[in-house]
Amino acid sequence: MTTADGDAGGSSPAIRASDRDRDAVVQRVQEAFAEGRLDDTEFDERMRAALTARTQAELDVLAADLPAATSGAGSAPAIARRGPGRFAIALKSSVRRAGRWRVPERYTTVVYKGGGWFDLRAAELSGPVTTFVAVAYKSRVTILVPPGVRVEMTGFGVTQGLADDEDPGYRLPVDAPVIHVRGLAYKGTIEISTRPPERPAVRR
C-alpha cells in the first residue's frame with residue numbers, strides 16, 4: 001500500500017517508540033509476570049525487548065497477547081501522564097532518587113541487571129497511602145523509609161530490615177502514612193529499611 005507522499009519504497013516508515021511507549025509496555029509485562037501469565041524465560045525476553053525497542057511495531061508485538069491497560073489501546077495511557085516522576089527504569093545501570101523529591105501516590109521502578117536506590121526519608125508523599133512497585137531483575141533495589149511510616153509488603157524477594165530502635169508498625173498511630181511496596185525480585189533483592197546500609201567510603 002502506498003501513501004500520498006510516499007517515497008520510492010512505497011511503504012510508510014516505522015513509527016519510532018518513545019520512552020513513554022516503552023514504559024507503558026514494561027508495566028504491562030511486569031504485571032503479566034506478577035499475575036502468572038508469563039514464565040521466567042518469557043519475562044526475561046520481553047523485558048529486554050521492551051526496554052530496547054526502537055519502533056512502536058516492536059512494542060505492539062510484545063503486548064499483543066497481554067490484557068489491555070486500564071485506558072485501552074492507547075500508546076501512553078494515564079500511567080505516563082505526569083511524565084518521568086512516576087516511572088524509573090535502569091537497564092544495566094543504576095537509578096537513584098534522594099533528597100527533597102515528590103513521590104506520587106503510585107511510583108514504579110524496573111531495574112534490569114543494575115541497582116536502585118530510593119531514599120524517601122526527606123521526600124514528600126503525595127497522599128496517605130503510597131504504592132511503590134519495584135521490579136528487580138538480577139539487581140538490588142533499596143528503599144529507605146522514614147520512621148513513623150507504616151510499611152506494607154507484597155510480592156516475593158522483598159525483605160525488611162528495620163533498625164532495632166525504630167518503632168514497629170503496631171506502635172504507630174492509626175492515621176500514620178502508609179507505604180505499600182509491591183515487590184518482584186527475580187534473582188535479585190528488594191530491601192526496605194529505615195537506615196542506610198553501611199557502604200564503603202568513596203573518597204580517598
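For the single chain, residues carry numbers from 1 onward in sequence order.
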### Query
Do side-chain atoms of S139 reach the backbone of K113 as a donor and acceptor pair under 3.5 angstrom?
yes
### Task
Check the pair R182, R106 against side-chain contact (heavy atoms from CB on, under 4.5 Å), reporting the backbone distance first and the verdict last.
CA-CA 11 Å; R182 291 178 54 200; R106 180 182 176 90; 3.5 Å; yes
#### Entry: Path from F132 to V178 over hydrophobic side-chain contacts below 4.5 Å
no
### Hydrophobic cluster identity match, L59 and I89, side-chain contacts under 4.5 Å
yes
### Between CD on residue E105 and NE2 on residue H180, distance to nearest 0.5 Å
14.5 Å
### Message
L38 vs L66, test: side-chain contact (heavy atoms from CB on, under 4.5 Å). Steps then yes/no.
### Response
CA-CA 9 Å; L38 302 175; L66 301 180; 4.2 Å; yes
### Message
Taking side chain to side chain contact (heavy atoms under 4.5 Å, CB included) as the criterion, tell me which of V145, T159, V151, L144 meets it with S193.
### Response
L144
### Task
Indicate if V133 and I179 have the same hydrophobic cluster label, given that clusters are the connected sets of ILVMFWY residues with side-chain heavy-atom separations under 4.5 angstrom.
no
### Task
Compare every heavy atom of R150 with every heavy atom of A176, then report the nearest pair and how far apart it is.
CB-NH2, 4.1 Å
### Query
Does the S126 side chain pair with the main chain of V103, one donor and one acceptor, at a distance under 3.5 Å?
yes
### Query
Rounded to the nearest 0.5 Å, how far apart are CD of E124 and OG1 of T130?
10.5 Å
### Task
Show your reasoning for whether side-chain contact (heavy atoms from CB on, under 4.5 Å) applies to V135 and Y112.
CA-CA 8 Å; V135 179; Y112 178 83; over 6 Å; no
### Query
How are the rings of F118 and W101 set relative to one another: parallel (under 30°), tilted (30 to 60°) or perpendicular (over 60°)?
tilted
### Task
Mind checking the OH-NZ spacing from Y186 to K138? Nearest 0.5 Å is all I need.
6.5 Å
## Note on the structure
Heavy atoms of I190 and A136 approach each other most closely as CG1-CB, 3.9 Å
### Message
Testing the basics here: between V25 and A63, what is the closest heavy-atom pair and its distance to 0.1 Å?
### Response
CG1-CB, 4.5 Å
### Query
Would a hydrophobic clustering, with Ile, Leu, Val, Met, Phe, Trp and Tyr connected at side-chain separations under 4.5 Å, put I15 with L62?
no
### Linked, directly or transitively: I143 and L125 (ILVMFWY side chains, under 4.5 Å)
yes
### Message
For the backbone of T108 and the side chain of R86, can you confirm whether one donor and one acceptor N or O come within less than 3.5 Å of each other?
### Response
no
### Query
Considering all heavy atoms of both residues, which atom of V158 and which atom of G183 are nearest to each other, and what is their separation?
CG2-CA, 3.6 Å
### Task
Provide the closest heavy-atom pair for E42 versus R37 in the form atom of the first, atom of the second, distance.
OE1-O, 4.2 Å
